[in-house]
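All values below come from the heavy atoms of this structure, side chains included, with hydrogens, waters and symmetry mates left out. Each chain gets a letter, A, B and so on, in the order its sequence line appears, and its residues count up from 1.
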Amino acid sequence: MTNGEKLHTISALVEDKPGVLTRVAGLFAARGFNIDSLAVGPTETPGLSRMTIVVNVETKPLEQVTKQLNKLINVIKILEHDPGTSVERELMLVKVRAAGEDRQRILEIASVFRVNVVDVTHHTITLEAAGKPEKLEALLELVADFGIVELSRTGRIALSRGDRGIRDRVLRAARTAGGEGA
Amino acid sequence: MTTLTGARALLKALELEGVEVIFGIPGGASMPIYDPLVDESPIRHILCRHEQGAGHAAEGYAWATGRPGVCMATSGPGGTNLVTPLADAKMDSVPIVAITGQVPTPVVGNDAFQEADITGITMPITKHNFLVKDPAEIVRTVREAFHIATTGRPGPVLIDLPKDVLLAETEWSWPERVSLPGYRPTTKGNQRQVVEAVKMILASERPVLYVGGGVIKANASEELYRLATLGRLPVVTTLMARGAFPDSHELCLGMPGMHGSYTAVTAMQRADLLVALGARFDDRVTGKLAAFAPHARVIHVDIDPAEIGKNRAADVPIVGDCRDVIAKMVAELERRQGEAGPPDRSAWLAQLREWQQRFPFRYDQRPDGPLKPQYAVERLRALADDDTIVVAGVGQHQMYASQFWRFEKPRHWINSGGLGTMGFAVPAALGAKVGRPDARVVAIDGDGCFQMTAQELATSTTEKIPFVCAILNNGYLGMVRQWQELFFDQRYSGVYLDPNVPDYVKLAEAYGAVGIRVERPDEVDAAIEKAYSITDRSVVIDFRIDPSEGVFPMVPAGASNDDIILGPEAIRPTSDPEEAPIA
């Protein structure tokens, strides 16, 4: 990604209550933070959801984003992912124009990228691709030449490598802010 | 097991939370709450005339007492009328709990009569809000709401209650503990950071304690007094903190900021250390941020971690309640200073003294000239006792009040700081008087502000909640007029109100209050004495003040604090070099 330096991935453990998504999205809008992508789903603990948010920090420092998110009552924990020690994945469905000899070339690309063909018609092929965001970008660049009919992406999800989970980790912002506990 | 309706459970929970009074207006969706108020609940309901008035009254109550204020409105327009007070309370960290009725759950989302998505509308302007869909959740929600409103950085919380939830029967159960896994404010300051802060204070040559509203919220005035006097540290008190440290004390430099004293503003500009205590480096204090206090290292104490580093980087950040942190700083300073006392900073203190003497707040009241607003404020203060609570709206009158009232105690100054809500004063004065019935309450208001919420004078009369409202009437939206004078070439646009419309004396009388008009300086004292002698009803004093008077000093918006303008002559052509603006 060309502007990778500006993008940070954070995970937020939140209470699964009505309006939580609105609170998070509203906070980003009100504070002028830019969301690049946002993915939400259930977790290993009933009643808790996990949001993975890719934040563009061109205009506001990441520290303000995490501190303001932490102030939301329904937000339990925030984790800022270090790209070197995290696994980041995204799922994408892309419907590509596939007339005549293009069809074979698209299938070759699919095979090289090890992505699944999930639908074929006389005129299109739909691919299902999962992987690192960089891989999806590369695939998109190649199939764009044939013409993309439509595209749907889940947004990034992420987990840290290693033994520990989000609930064991301490937020960096809270550690540096000089308070006891966090 | 006792069963009762959701509405009764609500009132019982409010009672157990210590609520004595609710400011509100009923409507269709909230009617189930009003029925038990007739004879079952000991809570006093004060019927306001507008929900905005009820909200500001709850704020005034909270400012004056330190206890959470409660306001109540029905669904739809009732709730939307609370938007301004909720936003005001959010900006000024005022603990209030707002209760709104909502249309019955089966029709929520159907555009029912008087339906508005009030939790959606108020999400960004509350600390938190709740929509309760199950009557069994009401009591726990009330507990959580009061806990959230009053702890950490205080703020407004709204509880939205659909009518069918209020009418349904539920079993009474009082949770002993509140459990909110996502809400654990840090209140105890880190001792290692405190030690670093104290070392920095002892090493500083030109320190300033930059005291904000957090000191008042934390009830930390005594600790602050000990810190300032023990370390011989000069103090500025922001608009939100007036009274946190006594104005009469020699270490007090008064208010900093756009209309602050020359000494307070310049002390921060020249300081080598700012100790920010419950303050947030607001633009009205810092002026142009890049030019603010350029030589100062910063110790920043705040209960809200998000405030630290938001506008200005801190050299020593301390997250915690101001009372806890300042007490720890006092103990550490005592230990380190020992018998020797504070380091010698006589040159700094002498410099501050010299500025204070050279550049006091000033105005020119001629005996036969037009009445100056500053004179009216000074006389209102001189004839009042130290326990008088003064409330202001927003604009020139607010600045005159903050500059010329001498504050000696915390919780005796109430105003709208962050949001700048015109119309705040009258209802907030009403709420303050309810919270402190033993104290005299004086609203210093502008004629523009007064007209936005004057209807609460009716509440004052019918509910027997008397206060004095001193209108500094210049017939203009004065602060806007001042900016047009200074920055828009005296092209006045949309600011003239007419001092005679309405007739404020007649209006006061129509509301059952006493009205007094003051047109000349020699009438001021008699009018104030009369107003202060009346205790069975409210009094409105219509001070006809000089409309050409402006608020000074002034740091123009976006300018550096070094470019403070001392008076109007610094902008209009002047031949006197002494009067030129200080660069």
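- B:Arg280 has a carboxylate O that lies under 4.0 Å from a charged side-chain N of B:Asp282, or vice versa, which qualifies the two as a salt bridge.
- In terms of heavy-atom pairs under 4.5 Å with chain B, the best-connected choice from A:Lys17, A:Lys71, A:Gln68 is A:Lys71.
- With a threshold of 4.5 angstrom between heavy atoms, A:Leu72 approaches chain B through N, CA, C or O but not through any side-chain atom.
- No other option in B:Leu180, B:Asp304, B:Thr187, B:Leu131 has as many heavy-atom pairs under 4.5 Å with chain A as B:Asp304.
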Steps toward side chain to side chain contact (heavy atoms under 4.5 Å, CB included) verdict (A:Thr126, A:Val120): CA-CA 6 Å; A:Thr126 301; A:Val120 181; over 6 Å; no

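- B:Glu307 has a carboxylate O that lies under 4.0 Å from a charged side-chain N of B:Lys310, or vice versa, which qualifies the two as a salt bridge.
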side-chain hydrogen bond (donor to acceptor under 3.5 Å, both in side chains) between B:Asp88 and B:Thr421, worked out: CA-CA 7 Å; B:Asp88 190 274; B:Thr421 308; 2.6 Å; yes

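- For B:Arg153, the part lying near chain A is the side chain, with the backbone staying farther off; criterion is any non-hydrogen pair under 4.5 Å.
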